[in-house]
Amino acid sequence: MVIWKVKCGTCCLLAYRRDRNETRKLNCSERIMWKYSPDSNPALRIYPVNLGDEGNYSCEIVNTAGSFLFFSSLTVIVPPMVTLTCDKSRVAACQASAGKPAADISWIPASNHSTEEEVHHLNGTVTRVSYIGWVNSTLPNVTCLVTHLATNRTLSLDLS
């Protein structure tokens with residue numbers, strides 16, 4: 001017998017009994033299923049995964065050798081949407097929107113005069129914006145480097 005318990009608010013239960021060749025699914029979305037046949041490999045599949053799937057999971061396997069309990073924790077990583085803009089006063093804004101975790105933003109060439117703002121959204125994602133003034137610079141280009149677990153992006157602007 002194999003039982004997956006998915007999080008617990010309205011616990012999703014995915015169960016299989018080999019002696020009866022019986023599977024059960026209780027309070028689980030259509031996205032949660034067996035990855036393979038539960039008889040040969042009782043792995044869990046969540047597709048497509050979303051932020052609400054983040055949390056703790058347990059799998060209990062009972063057979064003639066005994067009862068075995070396994071725990072797993074799922075962390076969902078979301079790549080940010082990245083934009084680079086410049087206004088008329090030559091202030092460049094690099095924005096990494098709705099990433100999880102928050103992205104890191106740096107400038108090329110490096111500057112000690114950038115400022116950052118951060119907004120934490122209710123769904124656990126973060127938007128980070130970095131501003132850099134280019135008013136007194138003779139350099140025609142500015143490059144924004146966004147570093148994130150899910151993706152790295154480099155965007156350049158010609159400010160001439």
Side-chain angles (χ1 to χ4, degrees), residues 2-14 25-38 40-60 69-160:
V2 177
I3 300 174
W4 273 100
K5 290 182 184 176
V6 180
K7 302 171 53 158
C8 262
T10 58
C11 282
C12 160
L13 282 141
L14 199 58
K25 196 173 180 178
L26 181 65
N27 295 327
C28 299
S29 82
E30 304 265 329
R31 299 174 304 100
I32 298 175
M33 63 197 84
W34 298 105
K35 184 172 183 178
Y36 307 105
S37 165
S40 60
N41 184 343
L44 186 66
R45 179 179 182 197
I46 304 171
Y47 184 82
V49 71
N50 65 41
L51 282 168
D53 298 321
E54 190 166 80
N56 298 314
Y57 295 71
S58 66
C59 179
E60 183 178 7
L69 191 56
F70 302 94
F71 296 97
S72 186
S73 180
L74 175 64
T75 300
V76 178
I77 297 171
V78 181
M81 294 291 297
V82 179
T83 57
L84 177 58
T85 57
C86 185
D87 64 18
K88 292 177 184 176
S89 60
R90 289 176 55 102
V91 173
C94 185
Q95 181 166 314
S97 301
K100 184 172 180 298
D104 291 319
I105 300 174
S106 56
W107 295 96
I108 302 170
S111 171
N112 294 334
H113 301 294
S114 64
T115 58
E116 279 193 1
E117 293 177 357
E118 195 171 273
V119 176
H120 293 262
H121 305 287
L122 293 175
N123 66 0
T125 62
V126 179
T127 294
R128 187 173 280 169
V129 186
S130 180
Y131 302 94
I132 188 167
W134 224 244
V135 176
N136 298 324
S137 177
T138 57
L139 298 171
N141 292 342
V142 64
T143 300
C144 166
L145 176 62
V146 176
T147 307
H148 188 269
L149 290 172
T151 184
N152 290 334
R153 296 277 314 271
T154 304
L155 299 175
S156 296
L157 263 181
D158 185 358
L159 301 174
S160 53

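Since the structure is predicted, the reported quantities are computational estimates derived from the model, not experimental observations.
- The shortest side-chain heavy-atom distance between V82 and H148 does not fall under the 4.5 Å cut-off.
- A heavy-atom distance below 4.5 Å is not found between the side chains of P80 and T125.
- Under the side chain to side chain donor-acceptor pair (under 3.5 Å) test applied with T127, the options H121, Q95, E117 reduce to a single match, H121.
- Here D104 contributes atom CG and N152 contributes atom CG; the two are 9.5 Å apart, rounded to the nearest 0.5 Å.
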- Task: Evaluate the criterion side-chain contact (heavy atoms from CB on, under 4.5 Å) for residue pair L13 and I3; output intermediate values, then yes/no.
- Result: CA-CA 7 Å; L13 282 141; I3 300 174; 3.6 Å; yes
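- Under the 3.5 Å distance criterion, the side-chain polar atoms of R31 are left unmatched by any main-chain donor or acceptor of I46.
- In terms of heavy-atom proximity, E118 sits nearest to V126 at CG-CG1, 3.4 Å.
- Interatomic distance, S130 OG to L145 CG, rounded to the nearest 0.5 Å: 11.0 Å.
- In terms of heavy atoms, S89 sits closest to D87 at OG-OD1, 2.9 Å.
- Contact of the N56 side chain with the F71 side chain is not registered, since no non-hydrogen atoms from C-beta on lie closer than 4.5 Å.
- Side-chain contact check for I32 versus L44: some heavy-atom pair is nearer than 4.5 Å.
- The structure places SG of C59 at 8.0 Å from CG of L69, a figure rounded to the nearest 0.5 Å.
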- Item | Residue pair V6, L14: steps toward the side-chain contact (heavy atoms from CB on, under 4.5 Å) verdict | CA-CA 8 Å; V6 180; L14 199 58; 5.7 Å; no
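- With a 4.5 Å cut-off on side-chain heavy atoms, N41 and K35 do not count as touching.
- For K5 (side chain) and E60 (main-chain N/O), no donor-acceptor pair under 3.5 Å exists by modelled atom type.
- For A103 against R128, the heavy-atom pair with the smallest separation is O-NH1, 2.6 Å.
- Counting only heavy atoms from C-beta outward, the side chains of C11 and N27 never approach each other to under 4.5 Å.
- Nearest heavy-atom pair across I105 and C94 is CD1-O, 3.5 Å.
- The backbone N or O of V146 lies less than 3.5 Å from no partner atom in the side chain of R153, so there is not a single donor-acceptor pair.
- In terms of modelled atom types and a separation under 3.5 Å, the side chain of W4 and the main chain of P42 share a donor-acceptor contact.
- Contact annotation: the side chain of L84 approaches that of C144 to within less than 4.5 Å [non-hydrogen atoms, C-beta and beyond].
- At least one side-chain heavy atom of L74 sits less than 4.5 Å from a side-chain heavy atom of V49.
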- Message: Working note: E54 + T75, criterion side-chain contact (heavy atoms from CB on, under 4.5 Å); need CA distance, chi angles, decisive distance, verdict.
- Response: CA-CA 5 Å; E54 190 166 80; T75 300; 3.6 Å; yes
